[in-house]
Amino acid sequence: MRKVKILSILLMICLLVSILFQTAINKVYAESKNEVTLNFEGGIIHDGYVEYSKKAKLQLFKGEDLVVNISNNMVIDLNEADYEFVIQEIPAEDTGSVVGPAPVKLNINDWYYATTTLNSKVIFKLESSKFSGTLDVKLVRTRTVVNTTVKNVYNDISSKGVIDLTGGQEYVIDFSKDDELTNGLKSFADLDKTLYYKRDNEGLLATDNESEAVIKIVGNKSENKAILTAVNVGTKKSEVFKGFHTKYTGSALNYDGTDGGIINETRTDYYTRCTYEFTFQYVKEEVSPKEYKFTEGANQTYTIDESKNATFRIDADYSLFTNKVYVDNKLVDSTNYDSKSGSTVITLKDEYLKTLSVGEHTLKVAFSDNGEAITKFTIKEKQQNTNIEDNKNEQKQENNNLTNNDVQKENTIANPKTGDNVIVYFVMFSIAILGIITLAIVNTKRKKLRK
């Protein structure tokens, strides 16, 4: 009984191993397959071969065995066995040509392949490393055969900017320039053509219909530039276009060699791919200038021959300053002032200030971001010396008058009138008499109490 159980367990283990092993084998085989589908384009199917009229017959061999059931859309596994074509050329009709008929060439998926001749047989091996998917097989009688490998090379750029078309003016795309905006616009232009572009969702799309276009670009190869103008603007003030645009810019051909009478070459095609965001401005918009503040020197007064220069500090970055200083709306020559950072410090020089008229003036400093700072300042003449002396004499006379008044008051207090003195003495005498009488009465009462 025990032996039966052991044998049953061993049997189950062997069965399980065989199942797992078979699954693994099938998985490995499935992963190593390279199945291709054969189509014999332009050929007539026969038992065991395909005939291409007036060119050749083609047979398929699997190893040493001829595949008899050859057909269109047949599937073979190139990893299962060695497959090869055997080609037997059909003699061409005599056309009287000196050079004779053109040779037969094998073409698979529009690519020519060189064949080998072995024991008078023209053979082509279907290598698994070279083929996959569907194979369209043709036999072509031709004398000159060229295989061209095409490679695409892309130059990716981005471009953003404002194109000023206000007042119907033209915008020049100068092909000699290399800035971001120009490079983007060049990808839309052709020096040999006039191109039209219409709106396509958010972007621009080439069109042959001028009536639906929004811009026109006229190329001028002799001047190496193109002219961009707006068309069909209507009442629009501006438009923004953004998107992705591809332009073919040229090709280069390289000879790679010859194989079995087949010329191989590589053609490299070049493209510019531009991610763009263009703003076409049709109407000039009024932009309110940014107002900067004077942190020092606002509304100051400059006194001729007394003050030294006139310094103003503005809360604007000095990098924005572009030597635009105005006094009373007239541009001041840069030799008449000094400037420095921190934030922006402007110092008008004495020599210049003395040329200005006495009174109030307006100072304006403009910056590259369309900002400006404005304040007032006053030019004042220095007071003359004679006026100062007169003022001093007037002050001295006032002081003397004040001193005399003070002395008179003191004399009045120190020397009272004679009548005033008699009254004072009489009052003091009366108070003394009353005091003596009061004291006598008090003493008399004390004596009576003691008795």
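Everything numeric here is computed off the predicted structure, so don't read it as measured data. Throughout, numbering of the chain's residues begins at 1 and tracks the sequence.
Under the 3.5 Å distance criterion, the side-chain polar atoms of Gln300 are matched with a main-chain donor or acceptor of Thr311. No donor-acceptor distance shorter than 3.5 angstrom exists from the side chain of Asp338 to the backbone of Thr347, with no hydrogens or angles considered. With hydrogens and angles disregarded, no donor-acceptor distance shorter than 3.5 Å links the side chain of Asn201 to the backbone of Gly203. No donor-acceptor pair under 3.5 Å is formed between the side chain of Asp333 and the backbone N or O of Asn336. One N or O on the side chain of Asp164 and one on the backbone of Thr166 form a donor-acceptor pair closer than 3.5 Å. Without hydrogens or angle criteria, Asn109 side chain to Asp136 main chain gives a donor-acceptor distance under 3.5 Å. The closest donor-acceptor contact from the side chain of Lys354 to the backbone of Asp305 lies at 3.5 Å or more, if one exists at all. Between the side chain of Thr207 and the backbone N or O of Ala213, no donor-acceptor pair lies under 3.5 Å. With Thr272 contributing its side chain and Asn155 its backbone, the two residues share no donor-acceptor pair below 3.5 Å.
Geometric assessment of Lys57 against the ring of Tyr49 yields a positive cation-pi assignment under the 6.0 Å and 45° thresholds.
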| query | For Phe312 and Leu348, what are the C-alpha separation, side-chain angles and deciding distance, and is it a side chain to side chain contact (heavy atoms under 4.5 Å, CB included)? | reply | CA-CA 8 Å; Phe312 304 84; Leu348 299 178; 4.0 Å; yes
| message | side chain to side chain contact (heavy atoms under 4.5 Å, CB included) for Asp110 and Lys138? Distances and angles first, verdict last. | response | CA-CA 9 Å; Asp110 296 323; Lys138 295 184 291 186; 3.4 Å; yes
| request: Show your working on side chain to side chain contact (heavy atoms under 4.5 Å, CB included) between Thr115 and Phe85 and close with a plain yes or no. | output: CA-CA 9 Å; Thr115 56; Phe85 291 137; over 6 Å; no
| Does the side chain to side chain contact (heavy atoms under 4.5 Å, CB included) test come out yes or no for Trp111 and Lys130, once each step is laid out? | CA-CA 12 Å; Trp111 189 267; Lys130 292 182 179 179; over 6 Å; no
| request: Could you give me the CA-CA distance, side-chain angles and deciding distance for Thr295 and Asp315, then say whether side chain to side chain donor-acceptor pair (under 3.5 Å) is met? | output: CA-CA 6 Å; Thr295 57; Asp315 64 347; over 6 Å; no
| query | Hey, mind stepping through Glu89 and Arg141 against salt bridge (charged side-chain N to carboxylate O under 4.0 Å, His left out) and telling me if it holds? | reply | CA-CA 10 Å; Glu89 184 174 348; Arg141 191 179 288 279; 2.9 Å; yes
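Ring geometry for Phe278 against Tyr276 counts as parallel: the plane angle stays under 30°, on a 0 to 90° scale with 60° as the upper cut.
Here the side chains of Val104 and Tyr52 are not in contact, with every heavy-atom distance at 4.5 Å or above. Two residues are said to be in side-chain contact when any heavy atoms from C-beta on lie closer than 4.5 Å; Phe280 and Leu204 meet this criterion. Residues Glu51 and His46 meet the side-chain proximity criterion, which asks for heavy atoms closer than 4.5 Å. Side-chain contact between Val214 and Phe241 is present, with heavy atoms from C-beta onward closer than 4.5 Å. For the pair Ser132/Asn34, a side-chain contact is recorded, criterion being any heavy-atom separation below 4.5 Å from C-beta on. Looking only at side-chain heavy atoms (C-beta outward), Leu363 and Val325 come within less than 4.5 Å of each other. Between Val137 and Leu106, the closest side-chain pair of non-hydrogen atoms falls below 4.5 Å. By the 4.5 Å heavy-atom criterion applied to side chains, Thr362 and Ile374 are counted as neighbours.
With values rounded to the nearest 0.5 angstrom, Tyr83 atom OH is found 13.0 Å from Phe61 atom CZ. Distance CG/Asp190 to CG/Leu195: 5.5 Å, rounded to 0.5 Å. Going from atom OG1 of Thr303 over to atom NZ of Lys308 covers 15.5 Å, rounded to the nearest 0.5 Å. Summarising the geometry, atom CG belonging to Leu253 is positioned 4.0 Å from atom CD belonging to Glu265; distances are rounded to the nearest 0.5 Å. Annotation: the span from Thr275 atom OG1 to His245 atom NE2 amounts to 11.5 Å, rounded to 0.5 Å. Interatomic distance, Asn370 CG to Leu320 CG, rounded to the nearest 0.5 Å: 11.5 Å.
Exactly one of Asp259, Asn264, Asn107 qualifies for a side chain to side chain donor-acceptor pair (under 3.5 Å) with Asn147. That residue is Asn264.
In this structure, a donor-acceptor pair under 3.5 Å is present between the side chains of Asp269 and Ser251. No donor-acceptor contact under 3.5 angstrom links the side chains of Ser32 and Asn79, judged on distance only. Judged by distance alone, the side chains of Tyr196 and Glu212 never bring a donor and an acceptor atom under 3.5 Å apart. Side-chain contact of Asp317 with Ser319: a donor-acceptor pair under 3.5 Å is present, judged by distance alone.
Within 6.0 Å of the CG atom in Asp47, the count of heavy atoms belonging to other residues, nucleotides or ligands does not exceed 12. By the 6.0 Å contact criterion, CD on Glu35 is enclosed, its count of non-hydrogen atoms from other residues, nucleotides or ligands being greater than 12. Sparse packing is recorded around CG of Asp82, with 12 or fewer heavy atoms of other residues, nucleotides or ligands lying under 6.0 Å away. The environment of NZ in Lys125 is sparse: at most 12 heavy-atom neighbours from other residues, nucleotides or ligands sit within 6.0 Å. Within 6.0 Å of CD in Glu306 there are more than 12 heavy atoms belonging to other residues, nucleotides or ligands. Counted within 6.0 Å of CG on Asn209, heavy atoms from surrounding residues, nucleotides or ligands total more than 12; the atom is thus considered enclosed. Asn299 CG: more than 12 foreign heavy atoms inside a 6.0 Å radius.
Sorted by first and then second residue, the side-chain hydrogen bond (donor to acceptor under 3.5 Å, both in side chains) pairs with a member in residues 222-236 read Asn220-Ser222, Glu223-Lys225; sequence neighbours excluded. Screening residues 120-177 for ring-ring contact (aromatic ring centres under 6.0 Å, His included) gives Tyr113-Phe124, Tyr113-Phe131, Tyr154-Tyr271 as the qualifying pairs, with residues at least two apart or on separate chains.
Closest approach of Tyr318 to Ser343, counting heavy atoms only: CB-O, 3.3 Å.
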